[in-house]
Engineer: 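Before anything else, here's the structure in question.
Order of appearance sets the numbers: ligands from 1, and atoms from 1 within every ligand. The first residue in the sequence is number 1, and the count goes up from there.
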Amino acid sequence: MDKALNKFVFKEVVSKKETSVVTPWLVLIVDDEEDIHIMTKMALDSFTFSDNPLKLLHAYSGESAKQILRENPDIGCIFLDVVMESHDAGLLLVQFIREELNNMNVRIILRTGQPGYAPEMSVIKQYDINDYREKSDLTSNVIFSCLTTALRSYQQIKTIESSRKGLEMVVDASSALLTIRGIKQFSIGILTHICALLHIKPEGIICANSKETELGKEVTILAAAGHYSHLFNQPITTIGKPHIEKNIENVISQKQSIFIQGFSFIYIPTTASNEIIVIIESSNTVSALDQQLVKVFGINIAVGFNNASMFEHIEDLAYTDQLTNLPNRISLMKHLSERMLEKENPFFLVIIDIDDFNVINDGLGPTIGDRVIVLISTLLSSIEIENKYIACLGKGTFGLIFGLEDNQQVSRTLLEIQHVLKPKVNIDNNNILVSLSGGVNVFNQQDEDADMFFSNASIALKKAKESYRGRFCLFCEEMNAQLTARLKTINELHTALDRNELFLLYQPQVDYKTQQIIGVEALVRWQKNDGTLVYPLDFIEAAEDSGLIVPIGLWILKTAIAQSLQWKSEGYNIRMAVNVSPRQMSEDDFVDKAIGVIKELGMTPKELELEITETTAVKNTDDLIKKLTLLRHAGVQIAIDDFGTGYSSLSYLQKLPVDRLKIDGSFIRNIDTSEEDACIAEMIINMGHKLNLEVIAECVETHLHQKVLIELGCDEAQGYLYEKPITGDALALMLKNQVSIFSK
Ligand code: C2E
Ligand code: MG
Ligand code: MG
């Protein structure tokens, strides 16, 4: 239970009031003369006030009266003799009552046998003495009327006092409730505080919520105590008491609380479509004052209830994926932590991701994208495995946690999941083939950290995406080692630029017609400060992942251009090809930056060629076409690198604004021995020529390679046959001595 509620634990608030049925008026007679006691008793024999009888208490001295007063704080009136053991014993007692006991409620009628012992007017006022009488005055009638007046006054004081206390409780209760956030907790709070206000035990008390639905008003139990407590979240009809339902109906239609013998129905108006009715079963009749108080309480907490339900809604937004209504990533992580604590139960986590979801989303529109996600979530929910937990982690990504009986079960279960998830998504009679990749991590007793456990499944997913697209990949420690190595590389790469550890080599490109070097490709190298030379295949991916490729790529571009200008100043005018990675290309300002650098350094744009890989070219097509068009417009040449590996179609190629196709080295390696490779190379060359594109071959290592390529009509070539990537100075020397590179 909430802290705010703890203050009001039920048993603390139950007063004695409920058990006592008739409470007599307590009247104390203080007099040292026995006759006066007897006479007063006789006079008041048949006295009643407000339907309650009288109970007389007797004291024969000021001192004994003090004791009785201490023990009976509810004495309503005192007949008090002024002169007893001392001439002012009565007045001293008054002083004791008002000042020491701090009892301002009890009414006091002073009596004295001796005329002239009347207290000063100031004393009467100071101690709030109701009446002053000489004993001889006190006939039956006078005593009767004096006491009636005094008790009426006492009753009023008490009423004012209890309504003040009641209001204080209302204010306290309302502010305590305002801090409660969930509807259930709030409802428990309402019950607790109403019991406190009415001084009743929480037996048979219900907080019911009446909600407007499509089928009309629906009344459900939000919280209940005592013998109704098991009915939480049930419709009110489960109580099986038609008269309760009838009264609830009346409360709702009249929008008013109803108090009847044995039951109170308290109406709390929250919003137009949502009302709360508190039903209290109690043998005590609720006094008019308490009725007023609970009404005030009801009005006061209505706002709090609205806040609590709003909070619940906000919380729902924070923990639920709104499209699929599945728990979201935060919920999954919470669940994962809890499940990891129950160490003995093995389970595994699969992160499933729709391959190229943004291609579906961008290509077919977000509405179709959403429908695909919902369909996959339904398929996931339909998998029949006990103890499963499914969450939607983001657009197109799902998390699944499954309990296992033993580890042998993993592969069988995964196969089952994959089988269910082989969806051919049919949307408006169109089949969309959706491929899903998954990363799996199996819980073992050493795993403690939910974040780590989750991120290992993500590593496996990444591996699946890279190497086994459309399949599931199980995490293993080796992946972690690879990741650690990659992180180390990223870490070191951060300083590589500043420490001048990167440099460029240039590999010549030859023209088969002129047999001359017509260009170079700039290839980056990284020499760490410990001397190790790192090749791009070992760091470009890490640079991509970390985004470092953006500044590094800019440096490469600037350096290559500067080298090109240097050669130009020495009289060698050749094309400079620079590789551009997908991450660089996707930057919004890539084109501006590239053109800016060309202008700034003063290069003729057509002397620069940017190489983008074919796999980059088939993604994000619209954006890419726009960027390439701008670059070509500025005069820059574009080549498609590693061509033949990325499955781009002829029709697509037609749309791409490019100048050159670069046949991937894998088709060249066996071009002289494999008919298939030669055929692919031939197709690329022919296709390129049909589209008015030049074709260059990379990785040309032998004369046989060269012979086949020349026969097939390839325009240009690059490879170890001509030269490995070499330094700018070495290349300048080559250019200087260039007789015919073919003579090598
Ligand atoms: P790529 O752009 O296809 O570059 C061709 C790769 O083939 C280069 O490897 C080159 O050294 C190598 N190569 C050239 N001739 C031969 C040959 O006859 N036989 C064989 N077996 N290999 C040959 P390198 O320099 O290790 O670069 C590998 C890849 O790394 C490049 O492939 C490119 O994708 C990337 N890369 C290299 N430099 C850069 C760069 O400056 N920026 C970016 N973004 N990527 C780069
Ligand atoms: Mg290249
Ligand atoms: Mg290449």
Side-chain angles (χ1 to χ4, degrees), residues 489 493 496-497 501-510 517 519-527 533-564 575-587 590 593-594 597 608-617 637-646 658-672 681 684 695-706 709 716-728 730-731 741 744:
T489 306
L493 255 185
L497 257 190
E501 290 175 3
L502 298 178
F503 64 96
L504 296 186
L505 292 182
Y506 304 91
Q507 188 177 33
Q509 299 176 327
V510 297
I517 297 173
V520 292
E521 178 179 10
L523 293 159
V524 69
R525 298 289 179 266
W526 176 16
Q527 180 129 42
L533 184 68
V534 192
Y535 285 86
L537 291 180
D538 294 325
F539 71 87
I540 289 291
E541 211 174 281
E544 278 257 325
D545 289 349
S546 61
L548 282 171
I549 193 68
V550 176
I552 289 177
L554 192 65
W555 175 86
I556 291 170
L557 185 65
K558 282 183 180 168
T559 312
I561 293 178
Q563 178 63 76
S564 170
R575 190 177 67 214
M576 172 63 76
V578 176
N579 292 287
V580 177
S581 83
R583 175 74 182 258
Q584 283 173 276
M585 207 65 214
S586 66
E587 293 283 298
F590 175 74
K593 268 196 197 153
V597 170
L608 178 69
E609 180 169 83
L610 297 181
E611 289 190 8
I612 56 160
T613 59
E614 192 187 11
T615 30
T616 318
Q637 303 199 45
I638 308 290
I640 300 197
D641 202 355
D642 305 338
F643 195 80
T645 54
V658 295
D659 300 274
R660 192 166 284 100
L661 299 182
K662 204 168 178 185
I663 309 173
D664 188 65
S666 59
F667 303 111
I668 309 298
R669 197 166 302 128
N670 301 316
I671 197 167
D672 50 337
I684 296 174
V695 181
I696 181 170
E698 63 181 0
C699 296
V700 181
E701 292 182 350
T702 66
H703 286 98
L704 274 175
H705 290 161
Q706 175 180 287
L709 284 166
E716 298 172 357
Q718 170 185 345
Y720 295 165
L721 176 63
Y722 313 108
E723 192 52 272
K724 291 199 167 165
I726 51 174
T727 63
L731 205 118
I741 204 164
K744 268 186 84 180

Engineer: Counting only non-hydrogen atoms of the protein, does one fall under 4.0 Å from atom 44 (N) of ligand 1?
Structural biologist: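 So far as the 4.0 Å threshold goes, atom 44 (N) of ligand 1 is in reach of a protein heavy atom.
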Engineer: Short check: any N/O/S atom of Asp641 below 2.8 Å from the Mg ion (ligand 2)?
Structural biologist: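 Short answer: yes, at least one N, O or S atom is under the cut-off.
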Engineer: Hey, looking at atom 19 (N) of ligand 1, which of Lys724, Glu701, Glu698 has the closest heavy atom?
Structural biologist: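 Minimum heavy-atom distance to atom 19 (N) of ligand 1 goes to Glu701.
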Engineer: Suppose we measure from atom 46 (C) of ligand 1 to each protein heavy atom; which comes out shortest, and what is that distance?
Structural biologist: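 Protein heavy atom with the smallest distance to atom 46 (C) of ligand 1: Asn579 CB, 3.8 Å.
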Engineer: Within the structure, does at least one protein heavy atom fall under 4.0 Å of atom 34 (O) of ligand 1?
Structural biologist: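 Looking at atom 34 (O) of ligand 1, one finds that no protein heavy atom lies closer than 4.0 Å.
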Engineer: Are there protein heavy-atom neighbours of atom 37 (C) of ligand 1 below 4.0 Å?
Structural biologist: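 True for atom 37 (C) of ligand 1.
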Engineer: Short list, please: which atoms of ligand 1 are under 4.0 Å from a heavy atom of Gly719?
Structural biologist: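 Heavy-atom distances to Gly719 below 4.0 Å select 15 (N), 18 (O).
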Engineer: Can you confirm whether Phe590 sits close enough to Leu610 that some side-chain heavy atom of one is under 4.5 Å from a side-chain heavy atom of the other?
Structural biologist: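 Yes; the side chains approach each other to less than 4.5 Å.
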Engineer: Using distance alone, decide if ligand 1 has a nitrogen or oxygen within less than 3.5 Å of any nitrogen or oxygen in Tyr535.
Structural biologist: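 Between Tyr535 and ligand 1 (N or O atoms, distance only) the closest approach is not under 3.5 Å.
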Engineer: Of all the N, O or S atoms in Asp642, which has the shortest distance to the Mg ion (ligand 3)?
Structural biologist: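 Per the distance ranking, Asp642 contributes OD1 as its closest N/O/S atom to the Mg ion (ligand 3).
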Engineer: Under 2.8 Å from the Mg ion (ligand 2) - does any N, O or S atom of Asn579 fall there?
Structural biologist: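 Asn579 does place an N, O or S atom closer than 2.8 Å to the Mg ion (ligand 2).
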Engineer: Do Asp641 and Glu521 have side chains that approach each other closer than 4.5 Å (heavy atoms only, starting at C-beta)?
Structural biologist: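 They are in side-chain contact.
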Engineer: At what distance is the nearest protein heavy atom to atom 24 (P) of ligand 1, and which residue and atom is it?
Structural biologist: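 Closest protein heavy atom to atom 24 (P) of ligand 1: Pro536 CG, 3.7 Å.
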Engineer: Kindly indicate whether the side chain of Ile640, heavy atoms from C-beta on, has any atom under 4.5 Å from the side chain of Val658.
Structural biologist: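 Contact flag for Ile640/Val658 side chains = yes.
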Engineer: Of the non-hydrogen atoms in Ala496 and Trp526, which two are nearest, and what is the gap between them?
Structural biologist: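 Between these two residues, the closest heavy atoms are CB-NE1, 3.7 Å.
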Engineer: Kindly indicate whether the side chain of Phe503, heavy atoms from C-beta on, has any atom under 4.5 Å from the side chain of Leu533.
Structural biologist: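 Side-chain contact under 4.5 Å: yes.
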Engineer: Below 4.0 Å, non-hydrogen atoms only: which portion of Gln718 touches ligand 1? Side chain, backbone, both or neither.
Structural biologist: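 Answer for Gln718: neither.
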Engineer: Below 4.0 Å from any atom of ligand 1, is there a heavy atom belonging to Pro725?
Structural biologist: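 Yes.
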Engineer: Between the main-chain N or O of Gly665 and the side-chain N or O of Glu698, is there a donor-acceptor pair closer than 3.5 Å?
Structural biologist: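 A pair under 3.5 Å: yes.
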Engineer: Quick one: does Ser564's side chain have a donor or acceptor within less than 3.5 Å of a partner on Ala560's backbone?
Structural biologist: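 No, Ser564 side chain to Ala560 backbone: no donor-acceptor pair under 3.5 Å.
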Engineer: Please confirm whether Arg525 approaches ligand 1 to less than 4.0 Å, judged on its heavy atoms.
Structural biologist: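 Per 4.0 Å heavy-atom rule, Arg525 contacts ligand 1.
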Engineer: So which bit of Glu521 gets within less than 4.0 Å of ligand 1, heavy atoms only: side chain, backbone, both or neither?
Structural biologist: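 The part of Glu521 near ligand 1 is the side chain, not the backbone.
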Engineer: Quick check: Leu523 and ligand 1, any N/O pair under 3.5 Å apart?
Structural biologist: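 No: no nitrogen or oxygen of Leu523 is under 3.5 Å from one in ligand 1.
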Engineer: Looking only at protein heavy atoms, which one is nearest to atom 7 (O) of ligand 1, and how far off is it?
Structural biologist: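 I find the closest protein heavy atom is Cys699 SG, 4.1 Å.
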Engineer: What is the closest protein heavy atom to atom 15 (N) of ligand 1, and at what distance does it sit?
Structural biologist: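 Its nearest protein heavy-atom neighbour is Gln507 NE2, 2.8 Å.
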Engineer: Can you name the N/O/S atom of Glu521 that is nearest the Mg ion (ligand 2)?
Structural biologist: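 In Glu521, the heteroatom (N, O or S) nearest the Mg ion (ligand 2) is OE2.
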Engineer: Would a 4.0 Å cut-off, counted as strictly less than, catch a protein heavy atom around atom 30 (O) of ligand 1?
Structural biologist: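 It does; a protein heavy atom is within 4.0 Å.
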Engineer: Only heavy atoms of Asp642, strictly under 4.0 Å: list the atoms of ligand 1 that pass.
Structural biologist: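 Near Asp642, meaning under 4.0 Å from one of its heavy atoms, ligand 1 has 3 (O).
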Engineer: Short question: side chain of Gln584, backbone of Ser581 - any donor-acceptor pair under 3.5 Å?
Structural biologist: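 Answer holds: yes.
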Engineer: Considering only N, O or S atoms, which atom of Glu611 is nearest to the Mg ion (ligand 2)?
Structural biologist: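 Nearest N/O/S atom: OE1.
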Engineer: Taking only Lys NZ, Arg NE, NH1 and NH2, and the carboxylate oxygens of Asp or Glu, determine whether Glu716 and Arg660 approach each other closer than 4.0 Å.
Structural biologist: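 Yes, charged N to carboxylate O under 4.0 Å.
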Engineer: For ligand 1, which is the ligand I care about here, please tell me if Asp641 has any N or O atom under 3.5 Å from one of the ligand's N or O atoms.
Structural biologist: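 Yes; at least one N/O pair falls below 3.5 Å.
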Engineer: Ignoring hydrogens and angles, tell me if any N or O in the side chain of Glu614 forms a donor-acceptor pair with the backbone of Thr645 under 3.5 Å.
Structural biologist: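 Yes.
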Engineer: Answer yes or no for Arg669: is there a heavy-atom contact with ligand 1 below 4.0 Å?
Structural biologist: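 Heavy atoms of Arg669 never come under 4.0 Å of ligand 1.
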Engineer: Any atoms of ligand 1 less than 4.0 Å from a non-hydrogen atom of Ser581? List them with their elements.
Structural biologist: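 Within the 4.0 Å cut-off of Ser581, ligand 1 contributes 44 (N).
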Engineer: For the backbone of Arg669 and the side chain of His705, can you confirm whether one donor and one acceptor N or O come within less than 3.5 Å of each other?
Structural biologist: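 Present.
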Engineer: Mind checking whether Tyr506 and Thr727 have side chains closer than 4.5 Å, heavy atoms only?
Structural biologist: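 The answer is no; the side chains never approach within 4.5 Å.
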Engineer: Output the list of atoms in ligand 1 that are nearer than 4.0 Å to some heavy atom of Ile556, sorted by atom number.
Structural biologist: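 Matching atoms, with element in brackets: 40 (C), 41 (O), 42 (N).
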Engineer: Tell me, which protein residue and heavy-atom name are nearest atom 16 (C) of ligand 1, and how many Å apart are they?
Structural biologist: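 The closest one turns out to be Tyr720 CE2, 3.2 Å.
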Engineer: For the residue pair Lys724 and Tyr720, would you count it as a cation-pi contact if the rule is NZ or CZ under 6.0 angstrom from the ring centre and within 45 degrees of the ring axis?
Structural biologist: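 Satisfied, under 6.0 Å and within 45°.
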Engineer: Between Gln718 (side chain only) and Ile696 (backbone N and O only), is there a donor and an acceptor less than 3.5 Å apart?
Structural biologist: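 Checking the backbone N and O of Ile696 against the side chain of Gln718, no donor-acceptor pair under 3.5 Å is found.
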Engineer: Scan Ile684, Val700, Ile671 and name whichever one has a side-chain contact (heavy atoms from CB on, under 4.5 Å) with Ile663.
Structural biologist: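 Exactly one pass, corresponding to Ile684.
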Engineer: Would you mind reporting whether Val534 and Thr489 have side-chain heavy atoms less than 4.5 Å apart?
Structural biologist: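 Not touching, per the 4.5 Å side-chain cut-off.
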